[in-house]
Amino acid sequence: MAVNDMSAPVRLLRCARIRTMAPARGPQVVDALAVSGERVVAAGPLAELRERFAGAPETDLGGGCALPGFVDAHIHLTMAARNAVGVDVAADVTGSEDRLAARLRSAAVPLPAGAWLRASRYDQVRTTGGRVIDRDDLDRWVPDRPVLVVHVGAHWGVVNSAALAAAGLTDDSPDPHGGALGRDGSGRLNGVLYEQALFDLAYPSLARRRPVVPAPSEEELLAGLDTASDMFLSAGITSVGDAMVGPDELRLLQTARTGGRLRQRVNALVTYPHVDHLIAAGIRDGFGDDWLRLGGVKAFVDGAVAGLTCWLSEPFRGTDDHGMAVVSREELTDLALRVHGAGLRLAAHANGDRAIALLLDALEHARRRHPHITTRHRIEHCSVVDETIVKRIAALDLIPVPFAGYVAFHGDALVDAYGEERLGRMFAHRRLLDAGITVAGSSDYPCGPYEPLLGVQSCVTRRTSGGRVLGERQRISTGEALALFGTGAAAAAGEEGAKGRLAPGYLADLVVLAADPFEVPPDELGRIPVTQTWVGGVPAWTADGAR
């Protein structure tokens, strides 16, 4: 079937196998696409398309398997750009306390006197044996400048004494609303900053004042954006939901867009402190274009799964710690009512079951007040659920956005805190899908691995990197897992009619894999090489470097 918009010349893309991911009534596997401008106008046998579009130029995508480009509903593009300006201390880079110390010392050497050293993706389980570093460690390793080390979950970080002084934090400082200052047994600040305490220091989109940590220059951030985009394109990601965008990040994305440096399509989730500006301007869900658009309002109800700050009905195993809420019932109810009433989409971070239940209360209230508004809201992460929660999500027609790769990446480290039984019903893709709920795929990078195929493998196998199976009953099929990063993630952005399929009228965004994922053993899905990534019918990345 062809569509009628032929304003641009038609080109044919051929490949040994193209899985369109179209519904059953459409062609499932073809060997050619007809593309006009940025969209697919036909999909079918090459011979048929050659006849229909006589003389159209052809491009051979090779002998692999082409699929719709991956859509990551919740990833942090602009955060990754900012992190690229600092130093990466992820476990695969450091791996031990000595190597962490050496990497921080080395990174500090070329910096100007007094400049901040910012590090990201610290993992206390894999790097420091479960012990969280503190200000005294950082004071020993880098005594001559302010240092901030952000946890891989991005909901807490550690600073040294110079950084505490620069932020004006003392032992007498109160905890900020929605956050906490870590202290030792004597009440002395230990340098650990939780939630809003970290956000106020270093996250422009969430800080209640100008962050103390200086922002990199625009050119540094654009270069970081190039690095992050290239990394995501190499994994086949053609669209992202940037899940923490404030005015600074939006300006960066707009600058990249106008300068031709925005290489993925971006669905921006604007952080909640800026919601009144959106409402006052009359901006609605979906404002923007195919490359940069508003996807909703990002809010927070609780903390992180890997950071062990999510809000739970049952405490972390072996403790009386239930985690933490970062917003009151009244604040959340008011925010949900304002966002829903304005026709905007709420994308609320809620990991623990207590947090999710609180969010559902707020959204149910908003729907009762404005029943004529049908905007589909999102639950970011939606990690710990039970049967009552699942039924309430289905009744509200919400879109959960669970972590796809957390069982594989974090699973072994989470068992002690959550227990195998609870982990068996976390990231509940199977249960949610069986309830008829639309579910979106998400990596939440830098909090987890960004490669969608690793997330697909994790959802299909529920196997940790150490070989343990957690939640066998939550396994889903390869097709269902791929759809999380296709039509599921597209629906979370309100773009299910444009992304997630290679069918007439859809964007010509595609990834070419060296093998067909439907024919690869589940434990090998994450190792399928990506050979090409195309955005809008144009090659954006190739394994051989040709573009």
*Hey, are His429 and Gln474 close enough side-chain-wise for a donor-acceptor pair under 3.5 Å?*
no
*With under 30° as parallel and over 60° as perpendicular, where do the rings of Tyr406 and Phe403 fit, or are they tilted in between?*
parallel
*Does any N or O in the side chain of Asp248 come within less than 3.5 Å of the main-chain N or O of Pro204, such that one atom is a donor and the other an acceptor?*
no
*asked:* Determine whether a donor-acceptor pair (N or O, by modelled atom type, separation under 3.5 Å) exists between the side chain of Thr127 and the backbone of Gln124.
replied: no
*Any Lys/Arg nitrogen of Lys499 or Glu496 sitting under 4.0 Å from an Asp/Glu carboxylate oxygen of the other?*
no
*Interatomic distance, Gln28 atom CD to Arg19 atom CZ [nearest 0.5 angstrom]*: 8.5 Å
_Spacing of Cys15 atom SG and Leu510 atom CG [to the nearest 0.5 Å]_ = 8.5 Å
*Any chance you could measure Glu451, atom CD, to Ile528, atom CD1, to the nearest 0.5 Å?*
13.0 Å
*Does the ring centre of His349 sit less than 6.0 Å away from the ring centre of His74?*
no
*Can you pull the salt bridge (charged side-chain N to carboxylate O under 4.0 Å, His left out) pairs that have at least one residue in residues 72-91, sequence neighbours excluded?*
Asp88-Arg121
*Could you give the distance from CD1 (Ile75) to CG (Leu269), rounded to the nearest 0.5 Å?*
12.5 Å
*Determine, for Phe287 and Arg293, whether the Lys NZ or Arg CZ falls below 6.0 Å from the six-membered ring centre while staying within 45 degrees of the axis.*
no
*Phe199 ring center within less than 6.0 Å of Phe300 ring center*: yes
_Distance-minimising heavy-atom pair for Tyr506 and Ala498_ = CD2-C, 3.3 Å
*asked:* Can you confirm if the NZ or CZ of Arg126 lies within 45° of the ring axis of Phe409 and under 6.0 Å from the centre of its six-membered ring?
replied: yes
_By the definition salt bridge (charged side-chain N to carboxylate O under 4.0 Å, His left out), identify the one residue from Asp509, Asp242, Asp289, Asp290 that meets it with Arg265._
Asp509
*To the nearest 0.5 angstrom, please state how far the CH2 atom of Trp291 sits from the CZ atom of Arg257.*
7.0 Å
_Using 0.5 Å steps for rounding, measure from the CG atom of Leu225 to the CG atom of Leu253._
6.5 Å
*asked:* Between the side chains of Glu58 and Arg14, is the shortest nitrogen-to-carboxylate-oxygen separation below 4.0 Å, so that they form an ion pair?
replied: yes
